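Worksheet: the structure to be examined is printed underneath.
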Amino acid sequence: MLQRLIPVLLLILCLTASPFTALRASAASAGSSVSAAGPSRIDAVLLIDVSNSMNKSDKNNIAGEAMKMFIDMLSTQGDKVGIVAYTDKVQREKALLEIGSAGDKQDLKDFIDGLNRGPYTDIAVGMEEAVKVLQNGSDPSHEPMIVMLADGNNDLDEASGRTQSQSDQELSAAVDAAKQKGYPVYTIGLNADGKLNKDILAGLSAETGGKSFTTNSADDLPQILSEIFASHLKLKIVPVQSITADGSFQEVTVNVPNSSVLEANISIMSAQPVTAKLTDPSGKEVAIPSDDVLLSKSSTYSLIKLLSPEQGDWKLQVKGVPKDKIDINLVFNYDLELKIEALPSAAYKKGDTIDIVSHLYSNGAQVTLSNLYQDMNAVLLATDLDTGTVEEIPLDNSGPEFKGAFEIKESHNYELKVRAEESSFYRESDVLKIDAKTGAVSTAPATGGGTTGEEPLQPKESSNTLYFIIGGVLLLLIAAAVYMLRKQANRGFVGQMVVEVLDGNTGEKTYPQYKKLSGFRGKFTLHQLLQLAPELKESEKVIFTPGKNDRLLLRSSEGITVERSGRAADASRGLELKSGDRVSVPLQTVDKTILLEFLI
C-alpha cells in the first residue's frame, strides 16, 4: 500500500514544489546552521595480494602486520572493516564488519592470520572486488576507503586465456567506479625484492584521491599508517621523538591539547621487545592496559590507545634493548565539527558583503571555550568559479568563534568554506554556494559524499502560507512512508550464530566459530557468514532475514537442503529459528556440511 502511495505523493509534491524553496529560505533566515558531517567513521576494505610472488616482495609479512596495525588504530566502536585477499581470483573475502568490541578486532586479525598464498596475480580482480564490498556494505555517513598492499605486478595464468589487455580494461573500470563513488585508494607498495611496480600503485592512488607509499621494512608502518589516517580523517601527525634504547626507562611527553580528543593512538615500533609505563597529567601512574588505556601488541609493534584522555602532559616511559631504535608516532582522533552559521540573508548580489561566523561543535553541542579557537588558525576560502581564483581571508579567532567578511566584487558564482587548523588536526566546513547573478544561496558537503540543498534558496513569499502547510503535510507523509520502507529493508539482527563445518570425507569438524549478527542489516547470506570462502559459494542460496520477537528467518532456494533434527525442513518460504535452534546445510558441490546454532 505504501509503495503505491509514494508515487502519488511525489507527483503532488512536484506540483506544489515552488513554496518549499521559500520555506527553506525562511528556515535559514530563522537561524538554522550549515553543518558539516558528524564525527567521522571509517568504512575500509583492506586489499591484499596473496600470490606466491609476495613470498619474495613481502618475505617478512609486512602486509599482515600493516593490516593488523590498521585495525588496532581504528576506533573501539563504529568503524567497519572488510578484507579481500586475491591472486588471479578472490582467494578469501570478509564482508564489512562493524567493530563493536575488542573481540571483533581479534576476529579480523585471526582472519588475516589464516590467509594462504596462491599462484598467479591479477590486480584488476582484487580492485574490482574491493569496490563491490564497499558498494554492498558501506554506510553513507561513513568515510569509505581502500587500503591496498601489493607489489603492483601482474602474473596471469596463460592457460586461462586471460590477457593483460583484458585485465587493464577491468582495472580501469574498477578505478572509474571508485572515483565516482568517492573511494580513495591508499597503496602500500612492498619492495623487499626490489621488483616493485611503483607506477601502477601510485597511479591507482592519484586517480582516486588517495596516497601511495613504499616500504621494505615494518619499521615504516607507524609513519605510513599514521599518514593514511591523518589524510583520511583530516588529522595531523604529532611528532614524538625517537629513542635509542639504553636498557633503562626513557621518558617522552605526550601532550593532549584539549578535552575534545576522543582517542590518542601511540604507536611504538621496535625490532626488540619493549616495556612501557604511563603517567597521567596529575602525576598518577596508569596501568597498561586498563579501562581507559588499551594495549595491542604484535611481533613488530605496540599500540597504546588512550580513550577520552585528560587534557595535559602525559609521560610515557619506554625501556628497550640497548642500542635498539624505538620509533614513536602519535595520532589523535577528535569529536569536533566545523559549521558555518546561517547567513543573515537568503540572497546576495554584486557589491554585497557577507558576514561569516563559524563555530566548532563537539558531540552536537557548540564549543564555547575561547582558548580552543585561539589555538587554531582559521581562514575563509572564497573560490570564484567563473575565474578559478581563490581568495584566502584570515578570520578573527579572539572569541569563541571564527568570524570575518567577504565582499562580492563581481556577478559571478562563488564557493565559500571555512578551514581551521592547529598542530594535530584540521577541519573544513560545508561549502556555501553563492550565485551573485541570480542571488541564490545553496550548500554542498565539503567531503563530496552526496548533495544537500542543491536547489537555490529564494526569498519568502507571504502569500504561500497555505501551500507551506499542504507541502509540510505531504513531506511528513512521504518521510513516514520512506522511513517505514527503509526500516523494513534495514532491520538489524540480534544474537550470534555458532558455525561449524563438517568434512564428509574425513569426519573432522572445525572448531566452533561465534559470529555476531549485529553488523548485518536487512539480510545476509550464509556465504557472507562463512567469510565468503570461494569453495563454499553454494551457500549464497541460503538467506537470513530478521524475524519477529528476536527470531531469525532462514530461506533457501532450489537445490539447497536444510535439515533440522535430522530431517529435511521446508525452508523455501522461511524457516523460523529461535534461540537454541540448530540446523545443518549439506553442500552438494563439496562434501561438507555447515552446522549452525542460533543463540541470543
Side-chain angles (χ1 to χ4, degrees), residues 42 44-75 79 81-86 91-92 94 97 99 102 104-117 126 130 145-152 185-193 196 201 211-230 232 237 240 242 265-274 276 289 294-305 318 320-321 324-331:
I42 286 177
V45 173
L46 303 178
L47 177 59
I48 170 119
D49 179 353
V50 291
S51 63
N52 288 333
S53 66
M54 296 290 281
N55 290 327
K56 294 181 179 179
S57 57
D58 185 24
K59 59 185 178 182
N60 294 319
N61 193 29
I62 296 171
E65 290 296 291
M67 288 191 292
K68 291 179 186 178
M69 189 170 176
F70 181 94
I71 291 166
D72 283 332
M73 290 181 72
L74 293 171
S75 294
D79 292 326
V81 181
I83 301 170
V84 174
Y86 72 95
Q91 289 289 109
R92 295 287 305 279
K94 192 172 184 67
L97 170 69
I99 295 173
D104 291 333
K105 289 190 175 185
Q106 190 58 50
D107 285 347
L108 289 163
K109 290 190 281 187
D110 289 344
F111 182 87
I112 291 167
D113 285 336
L115 297 177
N116 296 315
R117 303 285 196 209
M145 66 190 302
I146 297 171
V147 180
M148 182 180 189
L149 302 107
D151 59 15
V185 180
Y186 296 87
T187 56
I188 302 177
L190 305 169
N191 194 33
D193 60 352
L196 173 70
L201 297 180
K211 289 186 176 182
S212 184
F213 304 88
T214 300
T215 183
N216 57 12
S217 169
D219 294 345
D220 299 330
L221 292 183
Q223 183 71 22
I224 290 173
L225 294 173
S226 295
E227 287 194 33
I228 289 175
F229 266 81
H232 202 63
I237 301 172
V240 178
S242 296
N265 291 293
I266 307 169
S267 59
I268 305 172
M269 186 66 70
S270 174
Q272 302 291 333
V274 299
L294 308 183
L295 175 65
S296 306
K297 300 184 74 171
S298 83
S299 58
T300 59
Y301 72 85
S302 297
L303 184 79
I304 299 173
K305 185 185 289 285
V318 180
V321 176
D324 186 30
K325 183 183 178 184
I326 301 174
D327 290 319
I328 303 173
N329 277 279
L330 176 62
V331 175

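Hydrogens, waters and symmetry mates are skipped; everything else that's a heavy atom, side chains included, is used. Please read these numbers as outputs of a predicted model, since none were measured by experiment.
- Considering only residues two or more places apart in sequence or on other chains, Asp110 meets the salt bridge (charged side-chain N to carboxylate O under 4.0 Å, His left out) condition with none of them.
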Chi angles and distances behind the side-chain contact (heavy atoms from CB on, under 4.5 Å) call for Asn116, Gln91 = CA-CA 8 Å; Asn116 296 315; Gln91 289 289 109; 5.9 Å; no
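- For Lys109, the salt bridge (charged side-chain N to carboxylate O under 4.0 Å, His left out) partners at least two apart in sequence or on another chain are Asp72.
- For Ser51, the side chain to side chain donor-acceptor pair (under 3.5 Å) partners at least two apart in sequence or on another chain are Asp49, Ser53, Thr121.
- Screening residues 296-305 for salt bridge (charged side-chain N to carboxylate O under 4.0 Å, His left out), with sequence neighbours left out, gives Glu263-Lys305.
- From Leu201, atom CG reaches atom CG of Asp151 across 8.0 Å, with rounding to the nearest 0.5 Å.
- The CG atom of Asp327 sits 8.0 Å away from the CE atom of Met269 when rounded to the nearest 0.5 Å.
- The side chain to side chain contact (heavy atoms under 4.5 Å, CB included) check on Ile304 picks up Ile266, Ile268, Ala276, Ile288, Val293, Leu295, Leu306, Leu316, with sequence neighbours excluded.
- Partners of Lys56 according to the salt bridge (charged side-chain N to carboxylate O under 4.0 Å, His left out) rule, which considers only residues two or more places apart in sequence or in another chain, do not exist here.
- The closest donor-acceptor contact from the side chain of Asn191 to the backbone of Leu196 lies under 3.5 Å.
- At a threshold of 4.5 Å between non-hydrogen side-chain atoms, the residues Lys94 and Leu108 count as touching.
- We find the CG-CE distance between Leu190 and Met148 to be 10.0 Å, quoted to the nearest 0.5 Å.
- In terms of heavy atoms, Val274 sits closest to Gly320 at CG1-CA, 4.3 Å.
- Scanning for side chain to side chain donor-acceptor pair (under 3.5 Å) contacts around Asp113 gives Lys68, with sequence neighbours left out.
- Here CD1 of Ile62 is found 8.5 Å from CD1 of Ile224. Values are rounded to the nearest 0.5 Å.
- The side chain to side chain donor-acceptor pair (under 3.5 Å) check on Asn55 picks up Arg117, with sequence neighbours excluded.
- Counting only heavy atoms from C-beta outward, the side chains of Pro289 and Leu294 never approach each other to under 4.5 Å.
- With a 4.5 Å cut-off on side-chain heavy atoms, Lys211 and Ile228 do not count as touching.
- To the nearest 0.5 Å, atoms OG (Ser270) and CD1 (Ile328) are separated by 10.0 Å.
- A distance of 4.0 Å separates CD1 in Ile112 from CE in Met67, rounded to the nearest 0.5 Å.
- Residues Leu149 and Asp58 fail the side-chain proximity criterion, which asks for heavy atoms closer than 4.5 Å.
- Listed by chain and residue number, nothing satisfies the side chain to side chain donor-acceptor pair (under 3.5 Å) test with Asn60 (two or more places apart in sequence, or in another chain).
- With sequence neighbours left out, the side chain to side chain contact (heavy atoms under 4.5 Å, CB included) criterion links Ala85 to Ile48, Val50, Arg92, Leu115.
- Counting only heavy atoms from C-beta outward, the side chains of Leu46 and Ile71 approach each other to under 4.5 Å.
- For Phe70, the ring pair (Phe, Tyr, Trp, His ring centres under 6.0 Å) test picks out Phe229, with sequence neighbours left out.
- Checking side-chain atoms of Asp79 against main-chain N and O of Ile42 turns up a donor-acceptor pair under 3.5 Å.
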